[in-house]
Amino acid sequence: GLFTLYEHSNRLQARGHDVTLVFEQDWLGIVPQTYPGLEKLKVIHLKDVREDQVWDIAFATWWETAYAVESLKAKQYGYFVQGFEERFYDTPERGLVTFVEKSLRQPFHYFTVSQALVSFLKTKYGHQAQLIPNSIPFERFRGVTPLVEKPASGALRILVEGPGNLALKRISHAFRALADFPEFEVFYVSSDDYRKPEWKIDRYFAAVPYDQMPAIYASCDVLLKLSAEESFGLPILEMFASGGTAIVTAFAGHDEWLRDGHNALIVPIDDRSAVVAALRRLRDEAGLLGRLRKGAAETCALFDWDRSNAAFEKALIGIVSETGTASANRFVQAFQELRVSKPGLEDLKTHTGLIQHQKAVIEQRDHKITHLEGLLREKDMLLHNKEQTVLHKEQILLAKEQLIQHKENLLQGKEQFIQQKENVVQELSAQLALRSTQIHDLTQSVISRDRDISALQASPAWKLGRLVLWPMRIMKQLLARGKLA
């Protein structure tokens, strides 16, 4: 919302108009430098406006500023409505809705950013608001180098964007759905630095300047935007311009430029199963991501800042040209009603502020308790892991002792084997010695016999015996052949 106002102001200034941004509250600070080009604008606090300063037209940009804009002197007064503001409050803040409605009943010149808001202002309050379509500076988003290169695996990288503590943005719903997809890488951009321990966040960014957002968009594939209310959904269009697509809820006015299955996947508000199904489709359905990206790129051609700002300028010139008592006095009664209501509003805001403070304190306490519970769970897990490690160590020591015992048994068995081997060797040595002795004795016996034979053969008796025995041998041979009768 602020960006839309800043961009219109910057462009009107560039067209030659004198534009001043007036901040109502000091605690908000003045940081137009976070939006490139706005350093050229005049920026002041409401309390510092000169009493003699008169503008051609002064704009309220939020219901609370409708109660403050009457302190500015102007020829005409406008109200740039960018959301269903009365729906922004929940118990215990519902008392503020009466003051929101009162601000919207006043006869300002109304401008808004969607046909849904045009119809709302006409149906409930009878105002004919001027539609000034939103846009973005597309040149800042196209062809930007990603802050982080996309995974080589092709796994989806999801971007969640919005203040975590603002219920309307349903950031918790987004992370509850993403819990079913641990394979997705999740980037989270927050404006309020609110996170819950159970949210699975891979990269976190807080209070990011506008000129750094394109590189974050370019790093992601899908914007998961599950708001219950959106005035337009500029981050969705910024994601489209960066080459991505989105899963978005069916907030009022979404159908003016978002088409399910063409440029995004549309899911019912607060329907976790539908969100999970959409994420599963993007993961599993081949070609779906590419088709949605193509449709998203085509959608960007429908929006043009120059055309939108030119329409705004033309309407402003027409309003400022109005003259006469009726035109000047149309706001007198309105401002009187707002002035009468202002003390009650301040009291209620103070009371609501105290309640909000107490609520914030309770939420902070609950956040700390949740954080401590998470730490305790981590501690229990560490203790469990330590016990498992000790048990594993004891098992290792027992196995080591058993191994040592087994080694000792092997050594003992080896010693027994060596002793047995030595006994066998000794026995074989004894047998070998005995055999050697036997062989030696036999050899000596053979040698002695040979000497005896040699001596016998050399004796005369041996020779005579051979002469006697020779004829007898011949006779035996003849008898054997049958030749001797």
Side-chain angles (χ1 to χ4, degrees), residues 136 141-162 164 169-190 195-206 208 212-227 230 233-251 254 257-300:
I136 61 171
F141 295 89
R142 289 172 175 153
V144 174
T145 301
L147 180 67
V148 181
E149 289 297 328
K150 292 183 179 178
S153 64
L156 286 177
R157 183 179 287 162
I158 309 297
L159 175 63
V160 179
E161 179 275 333
K169 294 298 182 180
R170 300 295 199 267
I171 301 300
S172 289
H173 289 58
F175 281 105
R176 278 199 291 272
L178 287 168
D180 286 9
F181 300 90
E183 69 273 25
F184 291 169
E185 193 175 1
V186 180
F187 284 18
Y188 177 40
V189 177
S190 170
R195 287 172 287 175
K196 290 185 177 180
E198 63 268 24
W199 294 353
K200 184 254 182 186
I201 302 171
D202 295 291
R203 292 290 293 267
Y204 175 68
F205 308 89
V208 180
Q212 294 178 22
M213 280 301 301
I216 297 176
Y217 283 122
S219 302
C220 301
D221 301 297
V222 181
L223 173 66
L224 186 58
K225 194 72 171 171
L226 303 182
S227 306
E230 286 287 341
L234 278 177
I236 304 169
L237 187 57
E238 290 169 347
M239 189 65 181
F240 284 7
S242 301
T245 184
I247 297 174
V248 300
T249 45
F251 58 85
H254 78 280
W257 61 288
L258 294 170
R259 289 170 51 198
D260 184 42
H262 173 69
N263 52 18
L265 294 181
I266 313 299
V267 296
I269 296 171
D270 295 338
D271 189 337
R272 182 182 182 278
S273 62
V275 179
V276 170
L279 287 166
R280 190 176 292 117
R281 282 187 64 192
L282 282 170
R283 182 193 64 187
D284 300 338
E285 191 172 323
L288 177 60
L289 181 62
R291 293 196 302 273
L292 294 177
R293 281 173 166 166
K294 183 176 182 294
E298 293 171 352
T299 301
C300 292

So, do F187 and L147 sit near enough that their side-chain heavy atoms are less than 4.5 Å apart?
no

Heavy atoms of G164 and S190 approach each other most closely as N-OG, 4.1 Å

Minimum heavy-atom distance M213-V189, with the two atoms named:
SD-CG1, 3.9 Å

Using the six-membered ring wherever Trp is involved, compare the ring planes of F181 and F184 and label them parallel, tilted or perpendicular (cut-offs 30° and 60°).
parallel

Counting only heavy atoms not in K200, do more than 12 sit closer than 6.0 Å to its NZ atom?
yes

Heavy-atom side-chain contact between V222 and L279 under 4.5 Å:
no

Do V160 and I201 come close enough that some side-chain heavy atom pair is under 4.5 Å?
no

Rounded to the nearest 0.5 Å, the CZ atom of R142 sits from the OG atom of S242 at a distance of 9.5 Å

Working to the nearest 0.5 angstrom, can you tell me the gap between I216 CD1 and M239 CE?
11.0 Å

F175: which residues meet the ring-ring contact (aromatic ring centres under 6.0 Å, His included) condition with it, sequence neighbours left out?
Y188, W199

What's the shortest heavy-atom distance between E161 and I171, and which atoms?
O-CD1, 3.7 Å

Before giving the answer on side-chain contact (heavy atoms from CB on, under 4.5 Å), spell out for L237 and C300 the whole-Å C-alpha distance, their side-chain angles and the decisive distance to 0.1 Å.
CA-CA 7 Å; L237 187 57; C300 292; 4.3 Å; yes

Shortest non-hydrogen contact from K150 to S219?
CG-O, 3.6 Å

Smallest heavy-atom separation, C220 atom then L159 atom, equals SG-CB, 3.8 Å

I'd like to know if the side chain of R203 and the backbone of E185 have a donor-acceptor N/O pair within less than 3.5 Å.
no

For A177 and V275, the nearest pair of non-hydrogen atoms, with its separation, is CB-CG1, 3.6 Å

Assess whether a salt bridge exists between E298 and R259, defined as any Lys/Arg side-chain N lying under 4.0 Å from an Asp/Glu carboxylate O.
no

Heavy-atom side-chain proximity of V248 to H254 below 4.5 angstrom:
no

Expected output: side-chain N263 to main-chain W257 donor-acceptor under 3.5 Å:
yes

Quick one: do R291 and K294 satisfy side-chain contact (heavy atoms from CB on, under 4.5 Å)? Show the steps, please.
CA-CA 5 Å; R291 293 196 302 273; K294 183 176 182 294; 5.7 Å; no

Rounded to the nearest 0.5 Å, what separates atom CG in L258 from atom CD in E230?
10.5 Å

d(H173 NE2, R176 CZ) to nearest 0.5 Å is 5.0 Å

After noting the C-alpha distance and the side-chain angles of L226 and V267, does the key distance pass the side-chain contact (heavy atoms from CB on, under 4.5 Å) rule?
CA-CA 8 Å; L226 303 182; V267 296; 4.2 Å; yes

For the pair D221 (side chain) and L156 (backbone), establish whether a donor and an acceptor sit closer than 3.5 Å, ignoring hydrogens and angles.
no

When rounded to the nearest 0.5 Å, the distance separating NZ of K169 from OG of S227 is 4.5 Å

How long is the span from the CG atom in L265 to the OG1 atom in T249, to the nearest 0.5 Å?
12.5 Å

